[in-house]
Amino acid sequence: MTEERPMLDVKNLSVRYRGTDTPAVRDVSFTLGRERLGIVGESGSGKSTVGRALLKLLPTAELTADRMRFEEVDLLTAPERKMLELRGQRMSMILQDPKFSLNPIQRCGLQIAEAYRTHVRCSKGEARAKAIEMLSAVQIRDPERVFDLYPHEVSGGMGQRIMIAMMLLADPGLVIADEPTSALDVTVRLKVLRILDGLVREKGIGLIMISHDLSLVRSFCDRVLIMYAGRVVETLAARDLDNARHPYTQGLLAAQPRIGGSRDELPVLERKDSWLEPAEERP
Amino acid sequence: MTLNRQHMRGALGQGASILVTLFGLLILTFVIGRIMPTDPVRAIVGEDATQEVYMNVYQELGLDKPMWQQFFLYLRDLATGDFGTSIRTGKPVIQDILHALPATIELATFAIIIGACLGVPLGVMAAVKKDRWQDHVIRVFSLMGHSMPIFWTGMIGLLVFYASLGWVGGSGRMSQFYIGMVPDRTGFLLIDSAVAGQWDVFRSALRHIILPAALLGYSSSAYITRMTRSFMLDQINQEYVTTARVKGLSQRQTIWRHAFANIRVQLVTIVALAYGALLEGAVLIETVFAWPGFGQYLTSSLRIGDMNAVMTCVLIVGLIFITLNIISDILYRVFDPRTR
């Protein structure tokens, strides 16, 4: 992690969807180096909006921030042409459910190759070779065959690996994974995450993992942002999650079932207005 | 191997359903011929014929036989290409129709090309610019096309573009002057005149077809625009569109390569339906423009109860829709891998 100049630097980011009064995200600040950052929160807490705002993929929303910088690019003022260059090549995003995030009428391999051909001038054959290479990198056993399959012909786990292949193909510096395993069977979840984790470490990619699953974030991230009602209420190292100070985080942790734990009813969050205040900074 | 068998079964199933539809259609036309309150015998023999002559023709037509036998006689006649004779023109019905149909197909094809070329891009644009001024303008434009009666736009069009401006030809398929100059090969005037190298006639035909085709095209583009817009809106909110954006594709590439590619199946359906409607129901515009087409032939035959002609026309309309359905089905398979 380069302390002096992080790869991504966001200060007081607010996002308001057109036609609504309350911002979906307000005053979110964080920095990211070549590390793995988890953003955790309940549905509607604004965590996915943060991810999409970074890629400027929200045409119907107003973005304001004191600072939103990715490497040398000021994202706030970057024109769409610059964003086209960044997206897919230097920053990309893994979406939640391969059933919906892959184009149903295009062969999987062509969709992967398209990610490459958008940014690199090359022949079809070259892009195909690159895509097949990437398919084996996500541990797909028969990449030549899978290249020619349509999305409805692959399983969820395989679909998500295809998605990962597509998004990591151009060697981006930053990858945002928006609930990458929520739509998958529990049995393949870990496998897919390990593949993603392996590639992220190997290539030194900065990862933002958006999730509502505390235990996944705990084991796959270095640092965690806890979001509540559009705000970051607490930032802490993943290994310190158990020592969280914010009552919301504590409530989330307490509401998790544990194998071998008590069989009493799990506690339910009792929300308080004071939760909107961030936890005091740790010394 | 299994895939091939599946294909075979699909094709067989489709073939069977076409046969069933066709059979239903034949029953329908037969029933129409029997329940209409006209007397086919009287139509042939005339008002003054004696009872004896009347009975002879009655038996000749097989009307004394039971219904199911009559139906098979009808089928046998059709199989031998005998669709009966028209009372109105005295010529075999099929000959009349083969003369009128190309005129209508020519007009409808021209019109649907204009309608689709106008409606599809406008619909896509309206969806992309949803709720902005472009969207509003397009919606008003297409609503006008939808709500102005075609016979009225036809007359206004003739007044403005023919009578005042003189940009287009008037009624009919070509100028009176050229009638009979081009040998009737296919019945499609534009093709026949081009094949014969009669470029004057070709130009005249083009000047005559352009206005009715444009008006029909505009009116069907209204429907195509609105459907395209709503199909596109469905797709634009899909996650795979976001994926394409994340890959770094521009909005234009995303829209055409991904979103639009996914509405082709639905578009084929509605364009085929609009085309069918044009082929069957361009009566109003054919009347306004004195276009000697199928719609006119059908209405004139209906008006005087020319049953053989009506039955055959209904049969042809049915066949047109069956054909369009088959073509749509084939295109589905081309455009959507999930239906293969």
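Numbers restart at 1 for each chain; the letters A, B, ... are given by sequence-line order, proteins then strands. What's counted below: heavy atoms across the whole structure, side chains too, no hydrogens, waters or symmetry copies.
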Pick one of side chain, backbone, both or neither for A:Q111, based on which atoms fall under 4.5 Å of a heavy atom in chain B. both
Contact class of A:L57 relative to chain B, heavy atoms under 4.5 angstrom: side chain
Under 4.5 Å from any heavy atom of chain B, what part of A:M163 do you find: side chain, backbone, both or neither? side chain
Identify which one of A:V40, A:L225, A:I210, A:L37 satisfies the side-chain contact (heavy atoms from CB on, under 4.5 Å) criterion when paired with A:V217. A:V40
Have B:Y223 and B:S142 got a donor and an acceptor in their side chains that come within less than 3.5 Å? no
Please determine, among B:V265, B:V241, B:V246, the option with the most heavy-atom pairs under 4.5 Å with chain A. B:V246
Measure the shortest side-chain to side-chain distance between B:P102 and B:F188 over non-hydrogen atoms and say whether it is less than 4.5 angstrom. yes
When you check the side-chain N and O atoms of B:Q235 and B:Y240, is any donor under 3.5 Å from an acceptor? yes
Whatever's closer than 4.5 Å to a heavy atom in chain B on A:R52 counts as side chain
Among A:E114, A:Q89, A:M93, single out the residue with the greatest number of heavy-atom pairs under 4.5 Å to chain B. A:E114
If I measure from the heavy atoms of chain B, does A:L55 come under 4.5 Å with its side chain, its backbone, both, or neither? side chain
Under 3.5 Å, is there a donor-acceptor pair linking the side chains of B:Y332 and B:T269? yes
Of the listed A:P104, A:P98, A:S92, the one with the largest count of heavy-atom pairs under 4.5 Å with chain B is A:P104
Tell me, side chain or backbone of A:F100 under 4.5 Å from chain B's heavy atoms, or both, or neither? both
Does any donor atom in the side chain of B:T104 or B:E286 lie under 3.5 Å from an acceptor atom in the other side chain? yes
Select, from B:A244, B:A261, B:G248, B:A259, the one with the greatest count of heavy-atom pairs under 4.5 Å involving chain A. B:G248
If you count every heavy atom of other residues, nucleotides or ligands that lies below 6.0 Å from A:K203 atom NZ, does the total exceed 12? yes
